[in-house]
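What follows is a single structure, written as structure tokens, with notes after it.
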Amino acid sequence: MNRTKAMTFCGTALALMLSMQAASAEELSLAGKVVGITTIRSDNQADRLFYQSAIAEAERLGAEVIALDAQSNDQTQVSQIQTLIAQQPDAVIEILGNIDVLNPWLERVKSAGIPLFTIDTTTPHATNVVASDNYAIGSALALQMVADMNGKGNILVFNGFYSVPPCKIRYDQMKYVVSNFPDVKIIEPELRDVIPNTAQRAYSDTTDMLTKMPNDGDIGSVWACWDVPLIGVTQAIDGAGRKGIRTYGVDGTADFMSMIEDPESAAGAVVIQDLVGMGKASVQNVARHLAGEPVPPFTFVPHIMVTKANAAEVIPTLPETD
């Protein structure tokens, strides 16, 4: 598969609900409004789709958009938030980032009287947070992993971004599930995924671990809160010819999806989020709020899991996206 995929939704009831939401969105307008959008980064597929879809939807609804990309620098994003506060837009949308760094500045957005909306950043200062149900994602992915391991074995964990809310939730849910299976253990110390050079560093770290743990059964699974590091992890496992190891993550990056399609690859499962839908939903909530309509504190956007078992059925139904 050499194209980027997003998720599709199955089931009559869900399709009807989404069509009703789409019809409602057609009635929304941001004409004459200014919307500031700041993202921590847009250099990988998932983050780029959040950011680009939010910009596109705001412009479609008639807003003037101030779009700022921090390029993976926490302090740059803080500076961007300060800039937005000074410019006093009608609303601010913040995407991802380190919650420990961001929270004081998100509070300042709210204190400045600017409605704050976030994507994948859970904060009490937001009028609305758009996210996948990361509690469900974390537990379902962990249960799939444990089931594939037949309830026993060792897990190599990449845990580099615990201060990023969705990663924290997914990790905590994974740990909770694993704690209920006494024959499943997490290998210590855990490894850290990094930005930039995520896949390359993960490849190197995994190669080192495969050398240190050379026997079949030493490693049963590899988990990460997203799937970019798993591209490098899976390449290392496949290249070493190690069988009986599977890799698990979230997002649906094209290269990792290709590995799941390959029956010979170690890629085990991925949860695909509706990345475009999340960006659109946040902007639509802005429009509703500015029009005086109530919006909920959280908007959860559906997701789907792709595994070795269902890849042939599910992947052909997934629409392409740029």
Side-chain angles (χ1 to χ4, degrees), residues 6-11 13-14 46 50 96 99 118-123 129-188 190-193 219-230 233-234 245-253 256-257 260 266-275 277-278 281 296-311 313-314 318:
M7 67 176 288
T8 191
F9 308 112
C10 301
L14 185 53
F50 285 148
L96 286 170
I99 193 62
T118 64
I119 301 174
D120 259 355
T121 302
T122 303
T123 173
V129 178
V130 169
S132 299
D133 184 348
N134 287 296
Y135 300 93
I137 286 175
S139 58
L141 188 65
L143 286 166
Q144 180 68 48
M145 177 174 64
V146 170
D148 290 347
M149 297 170 68
N150 295 314
K152 60 183 178 181
N154 300 317
I155 303 170
L156 185 62
V157 169
F158 280 79
N159 180 21
F161 301 106
Y162 192 73
S163 60
V164 176
C167 286
K168 177 183 187 299
I169 294 168
R170 294 169 197 165
Y171 175 87
D172 287 347
Q173 291 297 302
M174 181 273 294
K175 290 273 290 205
Y176 175 74
V177 168
V178 167
S179 72
N180 290 279
F181 293 87
D183 294 328
V184 177
K185 307 293 183 185
I186 292 176
I187 297 167
E188 299 287 351
E190 296 174 345
L191 300 179
R192 295 184 62 83
D193 42 358
I219 303 171
S221 298
V222 185
W223 179 97
C225 86
W226 56 324
D227 61 10
V228 173
L230 295 177
V233 171
T234 306
I245 306 174
R246 287 282 183 260
T247 60
Y248 300 84
V250 179
D251 280 339
T253 301
F256 192 60
M257 292 285 286
I260 290 179
V270 64
V271 177
I272 304 177
Q273 304 179 89
D274 182 7
L275 305 167
M278 291 166 75
F298 290 91
T299 299
F300 291 119
V301 176
H303 57 269
I304 190 170
M305 186 185 297
V306 178
T307 69
K308 286 282 198 235
N310 70 9
E313 176 184 357
V314 173
L318 302 179

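Both backbone and side-chain heavy atoms feed into the values below; hydrogens, waters and symmetry mates do not.
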- prompt: To the nearest 0.5 Å, how far apart are CD1 in I272 and OG1 in T253?
  reply: 9.5 Å
query: If you round to the nearest 0.5 Å, how far is OG of S139 from CG of D172?
result: 12.0 Å
field: Residue pair S179 / F181, side-chain heavy-atom distance below 4.5 Å
entry: no
message: Checking T299 now: which residues fulfil side-chain hydrogen bond (donor to acceptor under 3.5 Å, both in side chains) with it, not counting sequence neighbours?
response: N128, N285
task: Applying side-chain contact (heavy atoms from CB on, under 4.5 Å) between V270 and each of D227, L141, I304, report the one that passes.
output: D227
- prompt: Is a side-chain N or O of D274 found less than 3.5 angstrom from the main chain of P302, in a donor-acceptor match?
  reply: no
message: If I take atom CZ from residue F161 and atom CZ from residue R192, how far apart are they, to the nearest 0.5 angstrom?
response: 7.5 Å
task: Write down the atom of H303, the atom of Q273, and the distance for their closest heavy-atom approach.
output: CB-CA, 4.4 Å
- line: Looking only at heavy atoms, the pair that brings P166 and N134 closest together is CB-ND2, 3.6 Å
- request: Give a yes or no on whether the backbone of V228 and the side-chain of D193 come within a donor-acceptor separation of less than 3.5 Å.
  value: no
- prompt: Taking only residues two or more places apart in sequence, or in another chain, which ones meet P165 in a side chain to side chain contact (heavy atoms under 4.5 Å, CB included)?
  reply: I99, T122
Indicate every side-chain donor-acceptor pair of residues 143-152 with a distance under 3.5 Å to a residue at least two apart or in another chain.
unit_1	atom_1	unit_2	atom_2	d
Q144	NE2	D148	OD1	3.0
Q144	NE2	D148	OD2	3.4
D148	OD2	Y248	OH	2.7

- prompt: Taking all non-hydrogen atoms of both residues, which atom of I260 and which atom of A269 are closest, and how far apart?
  reply: CD1-C, 3.7 Å
- request: Could you pull out all residues at least two apart from D120 that satisfy side-chain hydrogen bond (donor to acceptor under 3.5 Å, both in side chains)?
  value: none
message: I need the M278 CE to L275 CG distance, nearest 0.5 Å.
response: 7.0 Å
query: Any donor and acceptor pair, going by atom type alone, linking the side chain of T121 with main-chain N or O of L96 inside 3.5 Å?
result: yes
message: Rounded at 0.5 Å granularity, tell me how far CG in L156 sits from OG1 in T247.
response: 11.0 Å
- line: Sorted by chain and residue number, the side chain to side chain contact (heavy atoms under 4.5 Å, CB included) partners of K308 (sequence neighbours excluded) come out as R246, S265, A267
task: Return the set of residues passing side-chain hydrogen bond (donor to acceptor under 3.5 Å, both in side chains) with N154 (not counting sequence neighbours), or none when no residue passes.
output: none
- prompt: Listed by chain and number, what are the salt bridge (charged side-chain N to carboxylate O under 4.0 Å, His left out) partners of D133, not counting sequence neighbours?
  reply: none
- line: For F298, the ring pair (Phe, Tyr, Trp, His ring centres under 6.0 Å) test, sequence neighbours excluded, returns F300
- prompt: Sequence neighbours excluded, which residues qualify as side chain to side chain contact (heavy atoms under 4.5 Å, CB included) partners of E313?
  reply: none
task: Could you tell me whether the side chain of F256 reaches within less than 4.5 Å of the side chain of D251, counting heavy atoms only?
output: no
field: Residues that A309 engages under side chain to side chain contact (heavy atoms under 4.5 Å, CB included), provided they are two or more places apart
entry: T307
query: In Å, rounded to the nearest 0.5 Å, how long is the span from SG of C225 to CG of L230?
result: 9.5 Å
- request: List in chain and number order the residues that pass ring pair (Phe, Tyr, Trp, His ring centres under 6.0 Å) with Y162, two or more places apart in sequence or in another chain; answer none if no residue qualifies.
  value: Y171
message: Could you report the tightest heavy-atom contact between V184 and I155, atom names first, then the distance?
response: CG1-CD1, 3.5 Å
query: With a 4.5 Å limit on heavy-atom distance, are the side chains of N310 and M305 in contact?
result: no
message: Restricting to side-chain hydrogen bond (donor to acceptor under 3.5 Å, both in side chains), what partner residues turn up for Q173, sequence neighbours left out?
response: none
